[in-house]
Protein chains: 2
Amino acid sequence: MIDYSILVKSPLFNGISEEECRTLCSKIHYQVRKFEKDAIVVQGGEEVTNLFVVLSGSVRGEMIDYSGKTVKIEDIEAPRPLAAAFLFGKENKFPVTVTANKKAELLAIPVVEFLKLLQLNTRLLRNYLNSISTRAQFLSQKLHFLSFKTIKEKVAHFLLQQAGDRFHSFELKNTQQQLAELFGVTRPSLARVLGEMQSENLIKIEKKTVTLLDKQGLNSLLQNG
Amino acid sequence: MIDYSILVKSPLFNGISEEECRTLCSKIHYQVRKFEKDAIVVQGGEEVTNLFVVLSGSVRGEMIDYSGKTVKIEDIEAPRPLAAAFLFGKENKFPVTVTANKKAELLAIPVVEFLKLLQLNTRLLRNYLNSISTRAQFLSQKLHFLSFKTIKEKVAHFLLQQAGDRFHSFELKNTQQQLAELFGVTRPSLARVLGEMQSENLIKIEKKTVTLLDKQGLNSLLQNG
DNA sequence: GGCAAAATGTATCAATTGTTACAAAATGAT
DNA sequence: ATCATTTTGTAACAATTGATACATTTTGCC
């Protein structure tokens with residue numbers, strides 16, 4: 001019924017052996033649902049009563065806007081879970097309508113059964129808690145960045161945070177493109193600001209190494225913004 | 001040691017009887033830590049290795065900016081938990097420095113022990129999952145709003161949300177000044193955009209009454225932005 | 001109705017950022 | 001080492017928004 005070799009590759013079941021996975025699943029009720037191409041898996045607005053994991057094929061999330069048109073949000077391939085962040089909480093309704101891109105099989109575990117699983121296996125519990133926590137932290141960080149108005153402020157904040165109290169120099173682990181996305185700005189705009197900050201002798205960039213030349217100055221950008 | 005009548009009023013232990021609570025706690029290791037007024041409970045940046053619940057007194061979360069100034073973020077009174085959203089995930093460090101406002105007692109449960117608790121009691125597990133999920137959903141919504149780049153997009157989103165599916169006309173309950181603050185823009189900029197949207201025949205504003213003349217058009221602003 | 005205060009409409013100019021395009025530099029694979 | 005790909009630097013121009021100022025309208029109150 002379930003191909004456990006695929007299931008254990010899902011972020012949720014990561015680190016759990018196939019054997020253990022089989023044992024776990026034998027202890028709960030679940031369904032494997034099959035969908036033909038373009039079949040609707042769940043309607044947006046429906047209450048989330050099951051955890052879905054894509055076992056084969058792929059599905060897409062689509063949002064219905066105020067005029068009734070559908071807009072594709074993202075593709076979800078096997079073996080990723082579906083709307084795992086909406087299983088709990090106040091608004092546990094699907095934010096999107098999910099449709100099968102092609103023939104697809106989905107594992108459906110009712111919430112109550114999923115709770116049992118979480119209580120049976122510590123690794124699974126940790127995986128799930130980590131995934132929704134990481135998501136919340138990501139959102140929180142992103143919000144913080146958006147609260148700074150200018151790009152220079154965002155950059156100053158980011159660099160000071162990365163450097164911490166002790167260091168004045170560190171390695172960038174992201175490309176400018178990735179940083180630009182984190183800040184919600186375009187890449188050339190970010191590059192321009194980085195250039196300006198260098199000519200103002202606030203920072204120095206060599207390859208991937210950033211050196212903060214004037215922490216005081218960087219700070220004052222955050223105050224007077 | 002622990003005043004269970006207070007603990008069960010905490011959102012985490014909500015719906016669990018005092019008796020059950022006592023039994024649960026007897027099965028794990030924990031500490032009750034006492035702090036004098038102005039004692040530091042945790043330094044910002046420290047790894048979160050314990051779940052803290054304020055049992056008596058109150059503490060405050062403060063952020064230390066890069067120039068050394070402290071900014072108060074929020075007060076946490078008994079029996080609320082502390083940084084519950086940062087127990088798991090990639091960045092499980094305290095985002096704030098926590099200081100006692102007055103004499104305070106805090107329950108400290110190591111992460112591993114808290115996991116045990118979650119596996120012992122379904123209600124507790126549900127409470128915790130609900131609290132971090134609700135937080136993630138709140139952040140997600142807030143982010144969605146901030147993610148609109150232009151003022152026009154923000155206005156369009158706001159108006160469509162206010163009107164809902166059915167209505168085309170409604171009363172504004174806020175002044176332009178208040179709306180401008182909600183959107184994070186200046187008042188004249190908002191007025192200009194409202195004027196533009198009127199001359200584009202998207203909306204009509206009479207006194208406090210807003211009429212949506214072209215929902216389709218408002219929608220397309222959100223797509224192509 | 002008349003009056004003061006608040007809210008709104010509008011204009012001008014500066015500052016910031018986006019857009020697009022292209023060249024230089026760095027990286028990675030063979 | 002060489003070549004293709006990715007990343008970065010940079011420039012010119014457009015679009016958006018902020019800042020400031022002032023006139024006009026609306027509101028609340030007497």
Side-chain angles (χ1 to χ4, degrees), chain A residues 142-159 162 169-213 217-218 220-225, chain B residues 145-159 162 169-211 213 217-218 220-225:
Chain A
K142 188 123 190 174
L143 258 181
H144 194 190
F145 274 121
L146 285 177
S147 73
F148 293 112
K149 284 181 203 133
T150 67
I151 300 182
K152 217 172 245 180
E153 283 169 28
K154 294 177 194 189
V155 171
H157 177 257
F158 176 79
L159 294 180
Q162 290 288 311
S169 183
F170 60 93
E171 297 289 309
L172 268 184
K173 283 168 191 164
N174 311 300
T175 67
Q176 285 190 6
Q177 180 60 53
Q178 292 172 322
L179 288 183
E181 277 162 19
L182 176 65
F183 299 160
V185 301
T186 59
R187 206 264 314 158
S189 293
L190 174 60
R192 170 171 44 203
V193 167
L194 288 176
E196 282 170 16
M197 292 174 84
Q198 286 194 78
S199 54
E200 289 166 9
N201 287 320
L202 290 169
I203 59 176
K204 193 170 63 174
I205 301 180
E206 291 154 316
K207 303 277 174 73
K208 289 283 181 183
T209 305
V210 182
T211 308
L212 308 189
L213 301 174
L218 289 172
S220 62
L221 287 177
L222 300 182
Q223 315 293 325
N224 316 328
Chain B
F145 195 67
L146 284 178
S147 74
F148 294 114
K149 285 178 202 135
T150 67
I151 300 181
K152 216 173 247 182
E153 284 168 26
K154 292 178 191 184
V155 171
H157 178 255
F158 176 79
L159 294 179
Q162 290 288 311
S169 184
F170 60 93
E171 296 289 310
L172 267 184
K173 284 166 190 164
N174 311 301
T175 66
Q176 285 191 5
Q177 181 60 54
Q178 291 171 321
L179 286 183
E181 277 162 18
L182 176 64
F183 297 158
V185 301
T186 59
R187 206 264 316 158
S189 293
L190 174 60
R192 171 172 42 202
V193 167
L194 288 176
E196 283 170 14
M197 291 174 83
Q198 286 194 82
S199 54
E200 289 167 10
N201 286 319
L202 289 169
I203 60 177
K204 193 171 63 176
I205 301 181
E206 292 154 316
K207 303 279 174 70
K208 288 283 183 186
T209 304
V210 183
T211 307
L213 301 175
L218 289 171
S220 62
L221 287 177
L222 301 183
Q223 316 293 324
N224 317 327

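Lettering follows sequence order; numbering is per chain, from 1.
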When rounded to whole Å, the CD1 to P distance for the pair Ile205(B) and dT26(D) reads 13 Å

When rounded to whole Å, the NZ to C1' distance for the pair Lys207(B) and dT25(D) reads 10 Å

Measure the shortest side-chain to side-chain distance between Ile203(B) and Leu213(B) over non-hydrogen atoms and say whether it is less than 4.5 angstrom.
-> no

Report yes if the side chains of Lys204(B) and Val210(B) come closer than 4.5 Å at any heavy-atom pair, otherwise no.
no

Scanning both residues in full, the closest heavy-atom pair of Ile151(A) with Ser189(A) reads CD1-CB, 3.7 Å

Taken to the nearest whole Å, CZ/Phe183(A) to P/dT16(C) is 17 Å

At less than 4.0 Å, is any side-chain N or O atom of Gln176(A) found next to OP1 or OP2 of dT6(D)? Yes or no. no

Glu200(B)/Lys152(B) under salt bridge (Lys or Arg N to Asp or Glu O under 4.0 Å): CA gap, chis, key distance, verdict: CA-CA 12 Å; Glu200(B) 289 167 10; Lys152(B) 216 173 247 182; 2.9 Å; yes

Angle separating the five-pair end axes of the helix from dG1(C)-dC30(D) to dT30(C)-dA1(D), nearest 10°, is 50°

Rounded to whole Å, the CD-P distance (Glu206(B) to dG9(C)) equals 12 Å

Per-nt protein contacts along nucleotides 12-19 of chain D (heavy atom under 4.0 Å; B base, S backbone sugar-phosphate only, - none) come out as B----BBS

All heavy atoms of Asn174(A) vs all of Phe158(A), minimum pair found to be ND2-CZ, 4.2 Å

Rounded to whole Å, CG of Leu194(B) lies from P of dA7(C) at a distance of 16 Å

Whole-Å distance, Leu172(A) CG to dA26(C) C1', equals 15 Å

ask   = Within a strict 4.5 Å, meaning less than it, do heavy atoms of the Leu212(A) and Ser169(A) side chains meet?
value = no

Is it the case that atom NZ in Lys208(B) sees more than 12 heavy atoms from other parts of the structure closer than 6.0 Å?
yes

Scanning both residues in full, the closest heavy-atom pair of Phe183(B) with Lys154(B) reads O-NZ, 3.2 Å

Atom CG of Leu179(B) and atom P of dA6(C) are separated, to the nearest Å, by 19 Å

Rounded to whole Å, CD of Glu153(B) lies from P of dG18(C) at a distance of 12 Å

Note: Gln176(A) and Ala191(A) closest approach over all heavy atoms is OE1-CB, 3.5 Å

